[in-house]
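Shown next, in structure tokens, is the structure this report addresses.
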Amino acid sequence: DFEILSVVTTRETAIKQIASQPDIVILNPEVLKQRTGVPYVLFDRLTGLSASDRLMATLSWASGRPVPERLKRRRSQLVDAMLDGHFSFSGQRVAIAAEPDLLLAWGGFLTEMGCEIGCAVTTGTTDFPEDLRLPQPVVGDLDDLERGASGCSLLVANAHGAEIAERLSMPLVRAGFPLYDRLGAAHRVSIGYRGTRDLIFEVGNLLTDYRQAQHHGAASAGGHPVSVAATGRGTDHGRHHATLWEANHGGYAGSQAAAG
């Protein structure tokens, strides 16, 4: 008997599909407040230190209880990870393609870690906080991401971004949907203190491996920068390093490494 008051997409086909299923109810939180008298708090993202702090503070206020010690320990672990990871993240230029909510989460996380968002591609118009320091998002597709990723050192996109990463000889962090080429993606935690800490480890290690691959490639080429991870060319040491990169980051080197 509930009325569908708002939907998360403007596509007519999606609206018809939702409207044909009376068990699906999408309500505006303001309407719920008017009906029930229960206040609400909206969170624009839950990834990152500041966002996680706001969540914990809100839950503590709503429950009338202090934040549990186990969550305080997780916060300390996140702060330690941020200090350690700062050297890998700071100054890195990143290109992101994601839905608006995911773009907000990843943009906030990466800028909090000292990265610069060089390109932001999304699927719909939305307003982002000014303090996020995002470039003007482009409503487009992965072709726009590839064109805008010049000068970047990291891609964030779904599994379809793997081919772009290969062509640009650039590491890819898989995020969003679909992630058909990774096992366990549905169980990956990327929010809260623990999830943010694990993202720092994942992305930081990826950047470290990529930087080392570039370093060995330049040394193998006599000082001329070559992405061994992408080409597999150069000395036997360079080819061995490319093989290790493929083993750790399957699909990145692709056919070029095999051809090398």
Side-chain angles (χ1 to χ4, degrees), residues 9 11 47 88-111 113-126 128 132-182 185 188 190 199 202-215 217-218 221 224-233 242 245-246 248-260:
T9 178
R11 300 191 183 192
T47 301
S88 298
F89 285 81
S90 182
Q92 299 295 326
R93 189 174 171 87
V94 184
I96 307 175
E99 300 284 342
D101 57 338
L102 192 62
L103 174 59
L104 183 59
W106 272 91
F109 161 66
L110 290 169
T111 54
M113 288 300 299
C115 294
E116 175 189 356
I117 309 303
C119 172
V121 179
T122 189
T123 57
T125 57
T126 187
F128 293 100
L132 197 56
R133 302 193 304 276
L134 279 177
Q136 180 62 38
V138 175
V139 178
D141 53 24
L142 291 178
D143 288 337
D144 298 290
L145 176 70
E146 185 167 3
R147 285 191 293 268
S150 176
C152 293
S153 53
L154 180 70
L155 294 179
V156 178
N158 61 30
H160 293 301
E163 294 182 1
I164 297 175
E166 179 183 338
R167 287 194 293 269
L168 298 180
S169 300
M170 195 177 298
L172 168 70
V173 177
R174 288 166 171 80
F177 183 84
L179 295 179
Y180 51 78
D181 58 350
R182 285 296 180 271
R188 180 195 199 189
S190 59
L199 280 184
E202 176 186 349
V203 179
N205 287 332
L206 186 65
L207 288 170
T208 298
D209 287 350
Y210 179 62
R211 186 164 55 248
Q212 290 176 347
Q214 285 188 311
H215 172 74
H224 298 287
V226 175
S227 176
V228 175
T231 64
R233 300 180 181 127
W245 176 274
E246 288 185 68
N248 290 330
H249 310 286
Y252 172 73
S255 59
Q256 292 188 40

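Below, each value reflects all heavy atoms present in this structure, side chains not excepted, and no hydrogens, waters or symmetry copies.
Listed by chain and number, the residues in a side chain to side chain contact (heavy atoms under 4.5 Å, CB included) with Glu146 are Ile164, Arg167, Leu168 (sequence neighbours excluded). With sequence neighbours excluded, no residue forms a side chain to side chain donor-acceptor pair (under 3.5 Å) with Thr47. Judged as a side chain to side chain contact (heavy atoms under 4.5 Å, CB included), and not counting sequence neighbours, the contacts of Asp101 are Glu99. In this view, Glu202 and Val173, Arg188, Leu199 satisfy the side chain to side chain contact (heavy atoms under 4.5 Å, CB included) rule, not counting sequence neighbours.
Sorted by first then second residue, the side-chain hydrogen bond (donor to acceptor under 3.5 Å, both in side chains) pairs that include residues 151-164, not counting sequence neighbours, are Gln92-Ser153, His160-Tyr180. The stretch residues 136-155 participates, sequence neighbours left out, in no ring pair (Phe, Tyr, Trp, His ring centres under 6.0 Å) pair at all.
Pairing each heavy atom of Leu103 with each of Pro137, the nearest pair is CD2-CB, 4.3 Å. Between Ile117 and Ala120, the shortest heavy-atom contact is CG2-CB, 4.4 Å. When all heavy atoms of Ala159 and Leu179 are compared, the closest pair comes out as N-CD2, 3.8 Å. In this structure, Leu145 and Ala157 approach most closely via the heavy-atom pair CD2-CB, 4.1 Å. In this structure, Arg211 and Ser88 approach most closely via the heavy-atom pair NH2-OG, 3.9 Å. Of all the heavy atoms in Ala149 and Leu155, the pair that sits closest is CB-CD2, 3.8 Å.
From Phe89, atom CZ reaches atom OG1 of Thr111 across 11.5 Å, with rounding to the nearest 0.5 Å. How far CD1 of Ile96 is from SG of Cys152: 9.5 Å, rounded to the nearest 0.5 Å. To the nearest 0.5 Å, atom OG of residue Ser190 and atom CZ of residue Phe109 are 9.5 Å apart.
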Would Val139 and Thr123 satisfy side chain to side chain contact (heavy atoms under 4.5 Å, CB included), going step by step from the backbone distance to the final call?
CA-CA 5 Å; Val139 178; Thr123 57; 5.9 Å; no

Cys115 vs Val94, test: side chain to side chain contact (heavy atoms under 4.5 Å, CB included). Steps then yes/no.
CA-CA 7 Å; Cys115 294; Val94 184; 4.0 Å; yes

Could you give me the CA-CA distance, side-chain angles and deciding distance for Asp181 and Arg174, then say whether side chain to side chain contact (heavy atoms under 4.5 Å, CB included) is met?
CA-CA 9 Å; Asp181 58 350; Arg174 288 166 171 80; 2.9 Å; yes

Test log, rule side chain to side chain contact (heavy atoms under 4.5 Å, CB included), inputs Val121 and Asp141:
CA-CA 7 Å; Val121 179; Asp141 53 24; 5.9 Å; no

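With hydrogens and angles ignored, the 3.5 Å screen pairs a side-chain donor or acceptor of Thr122 with a backbone N or O of Ala98.
Counting heavy atoms from C-beta outward, Leu172 and Leu154 have side chains that stay 4.5 Å or more apart.
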